[in-house]
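Data first, discussion second: the structure below is written as structure tokens.
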Amino acid sequence: MSDDDHDHEHDDPHDHAHDEQQAERRARRRAALAQVRQYGDPVLRMRAGEVDEFDEELARLAERMIGLMHDADGVGLAATQVGVLRRLFVFNDEGDDRVLVNPVLTKVSNRTEVDDEGCLSLGPVRMPVERPAEVTLDGVDQYGEAVHLELDDLSARVVQHELDHLDGKLIIDRTDPESRREAMAQLRPRLILSR
Ligand code: ZN
């Protein structure tokens with residue numbers, strides 16, 4: 001999931017060191033996004049398979065995904081988005097990086113909330129999505145150790161968004177019909193240009 005709420009503006013346009021830092025950050029973001037599958041890629045529509053081997057390769061994948069998530073200014077990234085069809089995602093839980101393997105929602109609240117979501121696979125497009133406000137998530141980490149999380153607010157939203165990726169679902173499937181039409185109008189030209 002993307003996080004476009006950051007404010008990258010600064011006050012002094014002649015602060016060259018700061019400008020260079022910003023330019024470097026933008027370059028890192030572009031390089032990271034180039035490694036994230038974009039809308040139209042059929043892999044985003046596929047269901048990821050359960051992980052049954054907790055080897056070095058899995059730990060390296062998790063490490064790489066955490067790096068990509070931060071470089072891309074995201075708050076979550078699913079393995080599907082880097083072309084790996086395994087049930088693994090990473091997310092930033094109020095400042096803490098977490099790795100979830102074979103995650104399952106074991107409890108969801110009846111209470112729902114609507115908020116705008118973006119996605120690192122959908123460019124700048126954002127749309128409102130209604131989701132349960134509180135969830136309990138069970139799974140393991142990259143080493144096979146049990147993980148049990150009780151989440152609300154943004155973290156609850158992020159894990160549901162990433163879990164959707166593992167099932168080939170995108171926010172355009174979850175938003176209201178009108179927002180979906182608007183999003184598709186923005187996404188279609190990109191699709192043609194990328195061919
Ligand atoms: Zn996403």
Side-chain angles (χ1 to χ4, degrees), residues 1-6 28-49 51 61-94 96-105 108 112-133 135 137 139 142 149 151-176 179-188 190-191 194:
M1 193 163 138
S2 65
D3 181 5
D4 296 332
D5 296 334
H6 287 305
R28 241 201 333 265
R29 180 162 202 263
R30 267 198 305 276
L33 283 173
Q35 294 180 62
V36 175
R37 302 296 181 106
Q38 295 300 306
Y39 184 72
D41 191 318
V43 100
L44 292 174
R45 291 314 203 166
M46 295 167 80
R47 187 186 182 277
V51 172
L61 173 67
E63 206 55 43
R64 182 180 151 234
M65 284 170 56
I66 288 171
L68 282 175
M69 170 177 76
H70 285 293
D71 286 350
D73 284 338
V75 286
L77 184 67
T80 307
Q81 291 177 280
V82 293
V84 178
L85 286 170
R86 289 196 236 165
R87 301 190 78 77
L88 180 154
F89 69 73
V90 299
F91 80 107
N92 192 266
D93 183 12
E94 293 172 7
D96 294 323
D97 291 328
R98 299 202 191 279
V99 178
L100 264 298
V101 178
N102 298 337
V104 179
L105 285 178
V108 298
T112 62
E113 269 170 5
V114 179
D115 205 352
D116 274 359
E117 288 184 28
C119 178
L120 295 176
S121 295
L122 296 178
V125 184
R126 294 176 71 82
M127 64 204 83
V129 180
E130 182 175 12
R131 298 192 189 271
V135 300
L137 188 75
Q142 68 270 48
L149 296 172
L151 304 167
D152 57 12
D153 296 327
L154 180 63
S155 290
R157 181 168 294 278
V158 173
V159 299
Q160 293 176 81
H161 177 118
E162 303 311 330
L163 203 51
D164 275 351
H165 273 302
L166 302 184
D167 293 323
K169 266 205 184 72
L170 299 169
I171 49 178
I172 47 171
D173 310 323
R174 295 266 188 213
T175 194
D176 60 89
S179 302
R180 182 170 200 274
R181 264 196 304 277
E182 277 171 30
M184 293 304 287
Q186 277 182 272
L187 287 165
R188 273 201 197 96
R190 292 168 54 89
L191 203 56
S194 67

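Note that ligands are numbered from 1 as they come in the structure, with each ligand's atoms numbered from 1 the same way. Quick caveat, the model's predicted, so the values are computed rather than measured.
The set of protein atoms (N, O or S) found at less than 2.8 Å from the Zn ion (ligand 1) reads Cys119 SG, His161 NE2, His165 NE2, by chain and number.
Residues Val129 and His161 are not in side-chain contact: their nearest non-hydrogen atoms beyond the backbone lie 4.5 Å or more apart. Counting heavy atoms from C-beta outward, Leu61 and Arg64 have side chains that approach closer than 4.5 Å. Counting heavy atoms from C-beta outward, Arg87 and Asp167 have side chains that approach closer than 4.5 Å. Considering only heavy atoms from C-beta on, His165 comes within 4.5 Å of Leu170 through its side chain.
Residues in residues 157-166 take part in these salt bridge (Lys or Arg N to Asp or Glu O under 4.0 Å) pairs, two or more places apart or across chains: Glu117-Arg157, Arg131-Asp164, Asp164-Arg174.
Side-chain N or O atoms of Ser155 include none that pairs as donor or acceptor with a backbone N or O of Asp93 at under 3.5 Å.
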